[in-house]
Amino acid sequence: MKILVTGGAGFIGSAVVRHIIVNTQDTIINLDKLTYAGNLESLKSIEGSERYFFEQVDICDRAELDRVFNTHKPDAVMHLAAESHVDRSITGPSDFIQTNIVGTYNLLEAARNYWNNLDISAKEAFRFHHISTDEVYGDLPHPDEQEGVLPLFTEQTSYAPSSPYSASKASSDHLVRAWLRTYGFPTIVTNCSNNYGPYHFPEKLIPLVILNALEGKDLPIYGKGDQIRDWLYVEDHARALYKVVTEGAIGETYNIGGHNEKQNIEVVQTICNILDTLVPKDTRYAEQITYVTDRPGHDRRYAIDSSKMSSELNWTPVETFETGLRKTIEWYLANQSWCKNVQDGSYQRERLGEINS
Ligand code: NAD
């Protein structure tokens, strides 16, 4: 197969590109604008492959999208390009509206135009896989608020996004489903929980805490730190996405999760404990924890029911939170130069997403 991956220089996209190049005979066309979050250094291990092509293109640029489709003639699209950081969406929603909504619309139209002109067998085999988030569902009851067995997000859960980021992703999901229903365009949607692992830009909780801890800086916890996320190791997600694009059914939605519900404070304490053993010092890393004002509109709990992925596509995560987190920390310890290069002076792990006016 020839797969056009958008956002392949980002955190999850680069894991998808590495996974496919290493484990299959497929060809990848990586289409990425290279925003602050996109880094070709994350693809060094596979950039020499003759099955890998890179196109620096903005998904808002329709003419360029048409050129890429006509040049490379892909069999499938895996759409990961997005603005992805909730805090940045609070400070500046505009890029999220442009890329996540307008960009997805442009990509759908470029892909549909290309698909319309394929011969019948290529048309039947074509897939447009839209990669989305569990944040579109809003938040779930927290153990503080409800006793007993707590609900999980299923593929039937109604959308109720809380942040500009999740609202823009929800909009893009709706566009993708409308293109299926209205035009018969062969789409599949996946909604995944929080990912973690190597090559994660250090604005997100886990890499930020690892790097701040090592530099002796504060480890900022939003609110009480009791927000619950369902953590999935990024390579498990990449494997799941490849299964969906190759074996998933047209028109279906698949929820992908890690069965790892953890409070943010637990995550940070676990990182501190692992660092205490891997990089011991006179004081304990947990002493660097500080509590800061909560994120506006912060969702309290996310948790995914991924039973459809396991029963229909025979996928389950391989990593537990403990094994995945240890691998992640070891990767950051061994790849300090990647961390320095991707921050390139424009971002110093400062607080983002506070509302001042
Ligand atoms: P990321 O921010 O690390 O990477 C996004 C990539 O998209 C970057 O390489 C960036 O350069 C590129 N990009 C941004 N705007 C673009 C544009 N206009 N045109 C072309 N390329 C552009 O994001 P990520 O964490 O890898 O997430 C990838 C996808 O998965 C996103 O759609 C996100 O919503 C979704 N997702 C993320 C998570 C998570 O925990 N990170 C969980 C579930 C779903």
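For ligands, and for the atoms within them, numbers begin at 1 and follow the listed sequence. All values below come from the heavy atoms of this structure, side chains included, with hydrogens, waters and symmetry mates left out.
In summary, the aromatic rings of Tyr36 and Tyr347 are positioned with their centroids too far apart to meet the 6.0 Å limit.
With salt bridges taken as basic N to acidic carboxylate O contacts below 4.0 Å, none links Glu287 and Arg284. Arg300 has a carboxylate O that lies under 4.0 Å from a charged side-chain N of Asp144, or vice versa, which qualifies the two as a salt bridge. A salt bridge links Arg67 to Glu64: one of the charged nitrogens lies within less than 4.0 Å of a carboxylate oxygen.
Phe96 and Tyr165 have perpendicular rings, their planes meeting at more than 60° on a 0 to 90° scale where under 30° would count as parallel.
Considering Ile206, Asn195, Thr35 only, the shortest heavy-atom separation from atom 40 (O) of ligand 1 involves Asn195. If you check each of Ser193, Ala15, Ala82, Ala81 against atom 42 (C) of ligand 1, the one with the closest non-hydrogen atom is Ser193. Residue nearest to atom 30 (O) of ligand 1, selected from Leu107, Thr133, Ile131: Ile131 (by heavy-atom distance).
Judged purely by distance below 3.5 Å, without hydrogens or angles, the side chains of Tyr159 and Asp173 pair a donor atom with an acceptor atom.
Taking atom 3 (O) of ligand 1 as the reference point, the nearest protein heavy-atom neighbour is Phe11 N, 3.0 Å. The protein atom (non-hydrogen) at minimum distance from atom 4 (O) of ligand 1 is Gly10 CA, 3.4 Å. Among protein heavy atoms, the minimum distance from atom 26 (O) of ligand 1 is reached at Ile12 N, 2.7 Å. Looking only at protein heavy atoms, the nearest one to atom 1 (P) of ligand 1 is Ser84 OG, 3.5 Å. Asp32 OD2, 2.5 Å is the protein heavy atom nearest to atom 9 (O) of ligand 1. Ranking protein heavy atoms by distance to atom 34 (O) of ligand 1, first place goes to Tyr165 OH, 2.6 Å.
The proximity of Lys169 to ligand 1, defined as any non-hydrogen pair under 4.0 Å, is limited to the side chain. With a heavy-atom cut-off of 4.0 Å, Val57 touches ligand 1 through its backbone alone. With a 4.0 Å cut-off on non-hydrogen atoms, Asp134 does not touch ligand 1 at all.
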For this session: Give the C-alpha distance, both sets of side-chain angles, the deciding distance and a yes or no for salt bridge (charged side-chain N to carboxylate O under 4.0 Å, His left out) between Glu109 and Arg62.
Result: CA-CA 8 Å; Glu109 279 297 78; Arg62 174 66 196 273; 5.1 Å; no
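Using a 4.0 angstrom heavy-atom cutoff, Tyr196 does not count as in contact with ligand 1.
When every heavy atom of Glu83 is checked against every heavy atom of Thr35, the shortest pair comes out as OE2-CG2, 4.0 Å.
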